[in-house]
Amino acid sequence: MKHIVSIFGGKDGVGKSVFAANYACTFLNNQRKRTLLIDLDAERCGDQGLIFATAFPKTLAQYSSGERADLQAIQGCIVKHSGGVEIIQAFRDQYEKAQLSPAFFDKILRELHRHYDLIVIDGGAQFDPLVIKAFEVSTALFLVTNPDVLTLSQTKKTLEKLHSLLFPKEMIKIILNKYSSEALISPQMVQKNLGYPLFAAIQQDDRTCSYALAKGQPFALYQTRTGVAQSFIQFDQVLSQRKVLEGLQSLKKPRASFQIQENMEELKATGTEGRQVYQRGSRRKVSQDPRTLLKLQIHEQLVETLNLKKMDTAEVEADPHKKEQLREKTKKAVLELIDKHDLSSYTHEDKKTLVGEILDEALGLGPLEKLLQDEEVNEIMVNSRDQIYVEKGGNITLTDLSFTSDNQLLTVIERIVAPLGRRIDEQTPYCDARLPDGSRVHAIIPPLSIQGPMITIRKFSKIPLQVKDLIRFDSFTEDMAAFFKACIEARLNIVISGGTGTGKTTLLNVLSSFIPQRERIITIEDSAELQLKQPHVARLEARPPNIEGKGAVTIRDLVKNTLRMRPDRIVVGECRSGEALDMLQAMNTGHDGSLTTIHANSPRDCLSRLETLVMMAGMDLPSRAIREQITSAIDIIVQISRLSDGSRKITKVTEVTGMEGDVITLQDIFVFKQTGLSADRKVQGVFTTTGFVPRFVEELKQKGVHLPEGLFNK
């Protein structure tokens with residue numbers, strides 16, 4: 001059988017390059033089989049050339065990824081030593097190393113593996129993609145260490161790294177190099193310190209090694225009677241007689257990519273790749289994916305191992321140190337559980353991804369973690385455990401992500417709401433919450449949701465959008481921005497109107513940035529989302545009832561309390577109930593300059609909805625009295641819409657001018673006029689003024705706020 005073995009050092013200076021060279025020579029002498037040595041040490045480029053006193057006319061890096069990877073093409077960089085060992089230098093320096101891609105290196109190894117009985121790779125002591133690729137294709141990994149405290153400490157860290165990279169323990173063989181019976185640290189102490197069995201000990205013989213290096217001839221070729229050379233002979237005999245490498249060939253470990261590729265081709269040929277079935281009489285898809293079944297098994301074992309259900313989620317989330325400790329502890333448990341399963345069809349990257357997914361579902365938000373990190377995703381819609389949609393650039397698309405089960409999805413929902421002191425169960429099967437980054441979450445579960453638990457997440461940018469960003473997105477113009485700034489500085493009351501997902505909260509956040517730094521701002525929200533940057537901001541958030549149905553604090557309660565908190569500005573995230581009456585009264589009693597949002601499709605609809613919300617306050621007021629309150633309180637309605645191409649634009653800026661009879665009169669100041677669609681279906685249009693000059697312009701001048709000349713010219 002043909003084998004590839006990698007030699008790696010716990011740290012620089014342990015003698016792994018000398019070990020690699022002499023092991024290759026020993027194998028050639030004992031087995032009389034074709035042997036190749038590859039120098040892949042990035043930090044000590046050219047060490048094998050010094051050991052063998054050999055110059056390399058070409059390196060692997062001098063072949064681009066577009067070149068052929070057959071033996072004839074590679075032959076130009078293979079040098080045959082007089083002792084029979086053939087040698088390749090992968091690169092001469094770090095610059096050349098960057099030219100050799102792991103994918104092309106994989107092709108080269110695949111080709112060489114066909115022609116050589118043993119390939120020994122000198123991997124150095126640093127982890128990089130090329131070295132990891134070598135590990136992936138290797139039958140065994142010989143980790144070289146020395147009997148001293150510093151080296152053993154670094155070797156232990158290297159073992160932890162290899163384990164975290166999902167390489168099985170059986171594959172790693174510890175070699176104690178430079179061993180002497182007089183050493184203070186014995187082989188037993190090495191084994192106890194590393195937690196790994198010692199596979200072999202190579203005798204220390206500085207004189208022989210120095211002489212061999214000076215002569216440029218490995219001692220395994222010409223000084224076979226020395227103690228150190230005999231150590232290598234015994235080492236090779238153990239490997240051969242016990243058939244160690246043959247036994248590792250069938251080890252459950254990450255396979256080389258070329259082996260996986262061959263397996264995938266077989267699956268495609270038989271038509272068995274990615275098969276799924278549907279359960280008869282059921283509306284739910286039943287996955288037969290072995291990967292999902294594996295994740296379910298590991299989840300169940302993980303709960304039993306770590307008792308995650310009894311974990312204090314809120315306490316862990318509040319303490320980053322505890323959170324990191326728990327993740328590391330869980331990761332070790334997952335790695336141990338994975339070792340018990342057959343992952344022979346998984347590549348190294350597949351296993352690494354699998355561990356990440358299991359950790360995310362066990363401790364985080366599962367597949368949502370990846371979507372929350374994607375800055376292009378604006379909204380996440382989980383319709384069921386295996387149907388997750390996202391909105392990107394205004395377009396809604398189905399992802400290939402899924403949860404392992406409905407229970408796992410429900411666990412994620414509970415993990416979101418628990419730290420906020422909220423609950424979701426059969427008695428209260430829906431809940432509004434927020435993530436630590438401010439993203440808004442709505443969850444609903446059976447029996448209200450027929451197809452299983454559902455989540456909708458409205459993401460907010462980690463860096464809040466500013467006025468210049470919305471101008472760049474063509475949501476409004478610079479002239480309109482100047483107008484908004486003047487209105488807010490003059491303390492006009494503004495209502496932002498729009499449908500679901502039109503960007504009302506984002507626009508409210510942007511307009512609030514115009515509020516002067518010196519003023520005291522109090523924000524009131526159902527679920528805290530606003531991200532104001534002024535120094536003097538007090539944030540209030542409503543509270544749902546507890547498990548006994550008591551203790552609820554509504555937006556209306558908070559608005560009433562706000563009036564006693566000496567606010568300069570009141571910003572209400574959204575008026576959706578009787579708090580509209582209290583908001584109007586606040587605007588009419590000296591708390592001018594307030595801002596809020598409301599769900600409506602036009603400025604006229606906004607007024608109608610406000611009237612309806614005031615009636616929900618339970619006050620038996622005549623319609624005319626309500627309309628007079630609205631007219632007196634509100635100065636401007638800003639209508640924002642989501643257009644057919646997904647873009648958000650301010651379609652109207654309207655002044656509330658007064659009343660004629662029982663009808664509130666409105667006058668548009670700015671409007672967006674759509675002119676058509678481009679070839680790629682993007683909305684085209686222009687922002688324009690109507691020519692109407694607002695009645696409050698004179699009031700602005702009296703307050704020292706000036707607007708650009710000709711702003712309202714049509």
Side-chain angles (χ1 to χ4, degrees), residues 3-21 23-24 36-49 51 56 59-61 63 65 69 74 77 87-113 116 118-145 151 154-169 171-175 177 248 251 253-260 347-352:
H3 301 289
I4 300 175
V5 297
S6 290
I7 315 298
F8 199 64
K11 64 186 288 288
D12 289 327
V14 295
K16 51 85 197 164
S17 294
V18 172
F19 178 89
Y23 168 52
L36 177 68
L37 175 63
I38 300 178
D39 185 354
L40 196 67
D41 188 346
E43 296 297 318
R44 301 288 182 270
C45 303
D47 274 4
Q48 295 301 337
I51 294 171
F56 298 92
T59 64
L60 287 182
Y63 291 93
S65 57
I74 304 168
C77 51
I87 314 165
I88 290 178
Q89 185 170 341
F91 33 74
R92 288 191 176 91
D93 49 39
Q94 292 288 345
Y95 174 77
E96 272 199 4
K97 176 193 168 188
Q99 312 306 310
L100 181 60
S101 71
F104 187 55
F105 184 53
D106 180 68
K107 292 180 182 178
I108 292 171
L109 289 176
R110 173 174 48 174
E111 174 64 15
L112 294 172
H113 187 255
Y116 290 88
L118 178 69
I119 299 175
V120 179
I121 300 176
D122 177 6
Q126 303 294 327
F127 288 95
D128 62 55
L130 290 174
V131 170
I132 292 175
K133 175 58 66 180
F135 294 168
E136 288 178 0
V137 301
S138 295
T139 304
L141 195 165
F142 295 117
L143 183 58
V144 182
T145 188
T151 303
Q154 292 301 316
T155 302
K156 193 169 184 178
K157 291 180 180 179
T158 301
L159 285 168
E160 292 174 355
K161 177 70 173 178
L162 287 168
H163 195 206
S164 71
L165 290 172
L166 310 176
F167 290 102
K169 292 181 178 180
M171 176 186 179
I172 305 166
K173 304 299 180 186
I174 305 297
I175 309 298
N177 197 27
L248 295 176
L251 187 66
K253 62 184 180 64
R255 287 186 181 180
S257 57
F258 60 81
Q259 291 174 300
I260 292 298
T347 64
H348 163 68
E349 286 300 323
D350 288 337
K351 288 184 72 176
K352 188 176 180 181

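Note that the numbering runs from 1 along the sequence shown for the chain. Note that the structure is a prediction, hence the values are computed from the model and not measured.
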Quick one: pull up CG in L141 and NZ in K173 and give me the separation to the nearest 0.5 Å. 11.0 Å
Rounded to the nearest 0.5 angstrom, the CG-OG distance for L40 and S17 is 11.0 Å
Residue from V120, L36, L118, I119 passing side-chain contact (heavy atoms from CB on, under 4.5 Å) with I4: I119
So which heavy atom on L248 is nearest to which on T139, and how close? CB-O, 3.7 Å
Taking all heavy atoms of V14 and all of V144, pick out the closest pair and write down the distance. CG2-O, 3.8 Å
Minimum heavy-atom separation for L60 to C77, with atom names? CD2-SG, 3.6 Å
Pair F8, D122 - check side chain to side chain contact (heavy atoms under 4.5 Å, CB included), show working. CA-CA 7 Å; F8 199 64; D122 177 6; over 6 Å; no
Quickly, which of D41, T145, N177 forms a side-chain hydrogen bond (donor to acceptor under 3.5 Å, both in side chains) with K16? Name it, please. D41
Give the intermediate values and the outcome of side chain to side chain contact (heavy atoms under 4.5 Å, CB included) for residues Q126 and V131. CA-CA 8 Å; Q126 303 294 327; V131 170; over 6 Å; no
The reported gap from NZ in K161 to CZ in F167 (rounded to nearest 0.5 angstrom) is 10.5 Å
H113 versus H3, closest heavy-atom pair with distance: NE2-N, 4.4 Å
One pair to check against side chain to side chain contact (heavy atoms under 4.5 Å, CB included): D93 and E96. What are the steps and the verdict? CA-CA 5 Å; D93 49 39; E96 272 199 4; 3.4 Å; yes
D128 meets the side-chain hydrogen bond (donor to acceptor under 3.5 Å, both in side chains) criterion, sequence neighbours left out, with K97
Nearest 0.5 Å, what's the CD1-OG distance between I121 and S6? 4.0 Å
Looking only at non-hydrogen atoms, find the nearest pair between Q89 and R92 and report the distance. NE2-CA, 3.6 Å
D39 to C45 - nearest heavy-atom pair and separation: OD2-C, 4.5 Å
Distance check, rounded to the nearest 0.5 Å: F105 atom CZ versus F91 atom CZ? 8.0 Å
Is R44 reaching over with its side chain to a backbone N or O of D12, donor-acceptor style, under 3.5 angstrom? no
Could you tell me which residues satisfy side-chain hydrogen bond (donor to acceptor under 3.5 Å, both in side chains) with T158, sequence neighbours excluded, listed by chain and number? none
Pair K157 + E160: basic N to acidic O under 4.0 Å: no
Would you say that S138 contacts V5 through its side chain, given a criterion of any heavy-atom pair below 4.5 Å between the two side chains? no
For Q48 and I38, indicate whether the former's side chain and the latter's backbone hold a donor-acceptor pair under 3.5 Å. no
Enter the distance from I74:CD1 to L112:CG here, rounded to the nearest 0.5 Å. 4.5 Å
